[in-house]
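Values reported hereafter were calculated over all heavy atoms of this structure, with side chains retained and with hydrogens, waters and symmetry mates removed. Proteins get letters first, then strands, A, B, ... in listed order; numbering begins at 1 in each.
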Amino acid sequence: MQSRQTYLLNMHAAMLDALGPSHWWPGETPFEIVLGAILTQNTNWENVRRALNALRAQNLLSAPALAALDTEELAALIRPAGYYRVKAGRIKNFLRFFEHEAGFDFTVLQALPTPEIRERLLGVNGIGPETADSIALYALDKPTFVVDTYTARIFGRHGQIPEEISYADLQAYFTEALPEDTALFNEFHAQIVRVGKHWCKKKQPQCHRCPLEPFLPL
DNA sequence: CTCCAGTACG
DNA sequence: CGTACGGGAG
């Protein structure tokens with residue numbers, strides 16, 4: 001019998017061994033990470049990349065530039081990401097918040113206590129728990145553990161959590177067991193997404209040759 | 001014809 | 001708690 005912490009850290013080590021470091025959202029600016037976090041809501045990352053590239057081509061990957069763009073033009077540019085009218089509005093909501101609360105300056109947000117950052121982000125219409133946590137972790141470098149459908153599916157199939165679980169309970173499963181470490185949280189979530197995308201598929205899981213196959217219950 | 005790093009609203 | 005939002009790819 002081992003502790004949940006040991007179980008999780010062994011998984012983490014196994015994924016690092018099999019996949020190598022993820023280098024997640026490394027060379028991108030915090031603002032581009034925020035855009036990606038909103039655009040990827042229930043959406044394939046390839047389509048998000050197309051939308052980001054369309055913005056990049058127009059030199060629109062900065063907050064002031066996007067704030068000056070009207071919502072309809074923004075929607076047209078991010079169309080490949082799907083839900084484009086909804087997401088254009090959500091990005092605009094964030095920009096309004098970002099300008100008024102922080103003067104388009106991420107260090108202002110970064111200076112706040114992590115729980116308050118989360119609360120403020122959740123106050124923006126269109127930013128829910130996963131998006132808020134993704135921004136806190138990957139754009140602001142705060143020790144926030146991000147969970148998602150991949151997380152629920154992988155750990156559900158491994159018999160660690162109930163099939164139906166709330167975001168808060170799923171997140172607590174990790175934060176109650178792991179040390180509060182930004183680099184660990186960053187890499188762990190990245191690994192979960194990679195495993196979910198390539199092996200722990202919704203319809204046809206590829207358990208054989210999955211890095212987490214040894215961790216399946218008997 | 002299903003599926004995808006969710007969220008808000010009735 | 002059910003539904004709308006959506007284009008792109010397997």
Side-chain angles (χ1 to χ4, degrees), chain A residues 12 15 19 22-26 28 30-55 57 71-97 118-142 144-157 161-171 173-175 182 185-206 212:
Chain A
H12 181 252
M15 290 190 284
L19 307 175
S22 301
H23 303 300
W24 246 37
W25 276 331
E28 302 168 9
F31 183 65
E32 186 173 346
I33 293 169
V34 169
L35 293 179
I38 294 173
L39 291 173
T40 199
Q41 290 170 354
N42 200 36
T43 298
N44 187 296
W45 180 259
E46 271 310 295
N47 294 342
V48 174
R49 207 173 46 75
R50 294 168 185 273
L52 288 174
N53 285 340
L55 294 175
T71 311
E72 291 71 26
E73 292 187 47
L74 175 57
L77 286 168
I78 65 172
R79 184 168 181 168
Y83 304 147
Y84 51 93
R85 293 183 191 89
V86 171
K87 286 173 180 175
R90 289 175 179 176
I91 289 169
K92 282 294 187 176
N93 291 344
F94 172 80
L95 286 166
R96 221 149 27 232
F97 157 82
R118 189 176 201 273
E119 286 315 303
R120 301 261 195 125
L121 288 172
L122 288 175
V124 178
N125 189 296
I127 296 185
E130 184 184 338
T131 307
D133 288 341
S134 295
I135 291 171
L137 177 62
Y138 290 105
L140 302 176
D141 208 35
K142 297 295 180 181
T144 306
F145 200 94
V146 179
V147 297
D148 57 7
T149 52
Y150 286 146
T151 315
R153 193 156 74 217
I154 291 168
F155 287 84
R157 285 174 174 171
I161 54 166
E163 293 296 327
E164 298 299 321
I165 186 171
S166 70
Y167 186 94
D169 287 348
L170 181 56
Q171 185 178 48
Y173 169 80
F174 293 92
T175 56
T182 301
F185 288 0
N186 182 317
E187 180 64 23
F188 209 139
H189 176 66
Q191 292 171 331
I192 286 170
V193 172
R194 293 171 76 189
V195 166
K197 185 177 292 193
H198 294 291
W199 293 279
C200 206
K201 301 167 182 293
K202 177 143 191 180
K203 278 303 180 61
Q204 292 196 309
Q206 313 284 313
L212 296 184

Rounding to a whole Å, what distance do you find between [X]:[atom1] and [N]:[atom2]?
| X | N | atom1 | atom2 | answer |
| --- | --- | --- | --- | --- |
| A/L52 | C/dG7 | CG | P | 18 Å |
| A/R49 | C/dG7 | CZ | P | 19 Å |
| A/L39 | B/dT7 | CG | C1' | 14 Å |
| A/E130 | B/dC4 | CD | P | 13 Å |
| A/D148 | B/dC3 | CG | P | 17 Å |
| A/I78 | C/dG7 | CD1 | P | 12 Å |
| A/Y84 | C/dA4 | OH | P | 16 Å |
| A/E46 | C/dG6 | CD | C1' | 17 Å |

With a 4.0 Å cut-off on heavy atoms, is [X] in touch with a base, just the backbone sugar-phosphate, or nothing at all?
| X | result |
| --- | --- |
| A/N47 | base |
| A/A37 | nothing |
| A/I127 | sugar-phosphate |
| A/V86 | sugar-phosphate |
| A/T151 | nothing |

Closer than 3.5 angstrom, by distance alone: can the side chain of [X] be matched with the main-chain N or O of [Y] as a donor-acceptor pair?
| X | Y | answer |
| --- | --- | --- |
| A/E130 | A/G128 | no |
| A/R153 | A/C200 | yes |
| A/Q171 | A/F145 | yes |
| A/T40 | A/G36 | no |
| A/Y84 | A/L77 | no |
| A/E187 | A/S22 | yes |
| A/K87 | A/A81 | yes |
| A/Q191 | A/L19 | no |

Is the shortest side-chain N/O distance from [X] to OP1 or OP2 of [N] below 4.0 Å?
| X | N | value |
| --- | --- | --- |
| A/R85 | C/dC5 | no |
| A/N42 | B/dG6 | yes |
| A/N44 | C/dG10 | no |
| A/T149 | B/dG6 | yes |
| A/Y83 | C/dG7 | no |
| A/R153 | B/dC4 | yes |

**Study point:** Heavy-atom closest pair, residues A/K203 and A/P205
**Key:** O-CD, 3.2 Å

Review point. What are the two closest non-hydrogen atoms of A/L39 and A/T43, and how far apart are they?
Key: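 Distance-wise, the nearest heavy atoms are O-CB, 3.6 Å.
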
Practice item. Provide the distance between the two C1' atoms, one in B/dC4 and one in C/dC1, to the nearest whole Å. Key: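 One C1' to the other, the span is 23 Å.
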
Point to revise | Inter-nucleotide P distance (B/dC9, C/dG6), Å rounded | key: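 To the nearest whole Å, 14 Å.
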
Exercise for review: Using heavy atoms and a sub-4.0 Å distance, could you list which residues of residues 198-205 of chain A are near DNA chain B? By number, please.
Suggested key: A/K202, A/K203

Review point. Going by heavy atoms closer than 4.0 Å, what residues in residues 87-95 of chain A are next to DNA chain B?
Key: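 Listed by number, they are A/R90.
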
Review point. Where each residue is assigned the nucleotide of DNA chain B containing its nearest heavy atom, which of A/V124 and A/W45 is assigned the position nearer the 5′ end?
Key: A/W45

Practice item. Please check if any side-chain donor atom of A/N93 sits under 3.5 Å from a side-chain acceptor atom of A/R90, or the reverse. Key: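 Judged by distance alone, the side chains do not pair up.
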
